[in-house]
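Only one structure is covered here, and it is reproduced in the block below.
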Amino acid sequence: MILHLDMDYFFAQVEERENPRFKGEPLVVGSDPKGGEARGVVSTANYEARKFGISSGMAISKAYKLCPKAIYLPVNKNLYSRVSESIFRIMETVSDKCERVSFDEAYLDLSRVAKNYSQAEKIGRDLKEMILRKEKLTSSVGIGKNKMIAKIASEEDKPDGLTVVRPGETIGFISKKSVRDIPGIGPKTEKELEHILGKSDLKVKDLKRLSMDQLVNDFGKRGADIYKKARGKDDSRVKTKTETKSLGRETTFDKNTTDPEVIISTFKSLSKEVVDLAREEERNIKTIVTVCRFEGFDSYTKQISFKPKKPTRDLVYGEGVKLLLDLLTQKARPVRLLGVRVIFVKSKNR
DNA sequence: AATTCATTATCAC
DNA sequence: CTAACGGTGATAATGAATT
């Protein structure tokens with residue numbers, strides 16, 4: 001028995017709470033639109049802004065065109081992080097089997113704490129109530145027999161919703177949903193599935209026409225996953241703690257650049273950030289990856305592996321620039337984005 | 001033959 | 001007219017290089 005909780009339009013809702021004058025006005029949290037010239041994206045928009053067609057992930061320049069008079073706020077990560085921590089602590093009082101997915105999303109395994117779905121529902125209501133009381137924020141909850149069902153259920157009735165899907169209702173619940181509602185099926189996979197089935201606007205029930213064999217053939221491991229999910233099955237566990245496997249920083253320039261001074265100094269500061277953060281992990285690294293996106297949006301990576309070493313600035317910057325210079329001389333084109341990432345060595349015992 | 005490395009693709013939020 | 005489009009991290013596929 002799994003519960004999924006998703007905060008409603010989280011960043012924007014927090015900003016409304018901090019400044020109630022924003023309520024009722026279209027509000028967009030994301031990068032500075034700079035009069036429509038900026039290259040960032042929308043993080044979260046409140047419902048008033050969504051009426052203009054603005055949504056998460058959209059280019060901020062497009063959002064600005066759709067609604068220049070909206071209130072545009074920068075992403076105040078520290079604030080959301082504090083609120084997030086408080087919400088997770090509330091959730092963890094209900095069950096310590098809690099998986100934090102992002103700032104505003106988490107799963108709880110209720111198998112040990114609820115005898116039946118009615119009890120689970122009560123827990124869901126209580127959770128929403130506690131969060132509202134403590135943080136003055138609304139959330140949406142879904143409960144189902146596995147993580148996938150719980151997640152889709154939490155989307156069902158937002159904002160401020162609570163949906164319980166009992167095991168017997170599972171198939172009926174998902175069959176009419178779009179294939180895009182299945183976590184793990186993104187735009188590319190949807191397109192490919194449409195091509196295979198010769199039909200657009202695919203529903204979950206349509207997927208049942210595809211055999212396990214065919215799906216595995218076409219999509220590998222993910223195909224097997226799709227086969228099961230189309231039948232309401234998902235045996236992934238709620239995982240409470242996971243260790244960081246990699247850590248990186250990247251940045252997009254305001255304008256594409258060919259200036260070596262700018263490129264190198266930017267890379268240097270990205271490297272410094274990565275090293276400072278990697279140090280806190282107190283673990284060795286085994287790979288350094290540099291990323292470069294050029295004018296035209298095509299991206300390339302170059303990486304180097306070695307015997308486990310401490311993440312020092314000399315190492316990460318030193319090896320990193322070599323990789324970067326390789327990419328730059330190979331392409332010799334204006335640069336849009338630069339990034340650097342380190343991959344940690346797996347630590348022993350778990 | 002098995003494992004690791006390098007690179008790209010896809011996805012989620 | 002169309003495209004516009006961040007940052008962080010995970011996982012998988014594939015082919016080459018190593019062990």
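Lettering of chains follows the sequences in order, A, B, ..., and the numbering in each one begins at 1. These values consider heavy atoms only, across backbone and side chains, with no hydrogens, waters or symmetry-generated copies.
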d(NZ, A:Lys221; C1', C:dA13) in whole Å | 11 Å

CE of A:Met148 versus C1' of B:dC11: gap in Å, rounded?
-> 16 Å

Base versus backbone protein contacts along nucleotides 3-10 of chain C [heavy-atom cut-off under 4.0 Å; B, S, -] = BBSBBBBS

A:Glu129 bridged to A:Arg133 by N-O distance under 4.0 Å = yes

Between C:dA13 (C1') and A:Leu215 (CG): distance, integer Å = 17 Å

Taking the six-membered ring for Trp and the single ring otherwise, decide whether the centroids of A:Phe10 and A:Phe103 are under 6.0 Å apart.
-> no

Electrostatic pair A:Lys228-A:Asp234, nearest N-O below 4.0 angstrom | no

Taking the same atom, C1', in C:dC5 and in B:dC13, what whole-Å distance lies between them?
-> 15 Å

For the pair made of CG in A:Leu323 and P in B:dC5, what is the distance, rounded to whole Å?
-> 15 Å

Output field: ring centroids A:Tyr80/A:Phe11 closer than 6.0 Å = yes

Output yes when A:Arg279 and A:Glu282 qualify as a salt bridge under the 4.0 Å nitrogen-oxygen rule, no when they do not.
-> no

Could you check how far CG of A:Asp225 sits from P of C:dA13, rounded to whole Å?
-> 11 Å

Decide, yes or no, whether a salt bridge links A:Lys346 with A:Glu243 under the criterion of side-chain N to carboxylate O below 4.0 Å.
-> no

Tell me: CG of A:Leu324 to P of B:dT7, nearest whole Å?
-> 13 Å

Please figure out whether A:Ser305 or A:Ser102 has its closest DNA chain B nucleotide nearer the 5' end.
-> A:Ser305

Ion pair check, A:Arg333 and A:Asp298, cut-off under 4.0 Å = yes

Can you tabulate the close N/O pairs, meaning under 3.5 Å, that link protein atoms to atoms of nucleotides 8-10 of chain B?
residue, atom, partner, partner atom, Å
B:dT8, OP2, A:Thr301, N, 3.1
B:dT8, OP2, A:Thr301, OG1, 3.4

d(NZ, A:Lys147; P, B:dC11) in whole Å | 19 Å

In this structure, are over 12 heavy atoms from other groups packed under 6.0 Å from A:Lys221 atom NZ?
-> no

Apply the side-chain hydrogen bond (donor to acceptor under 3.5 Å, both in side chains) test between A:Glu99 and each candidate in A:Arg237, A:Lys241, A:Lys147; give the one that qualifies.
-> A:Lys147

Here the distance between atom P of B:dT7 and atom CG of A:Asp298, to the nearest Å, is 16 Å

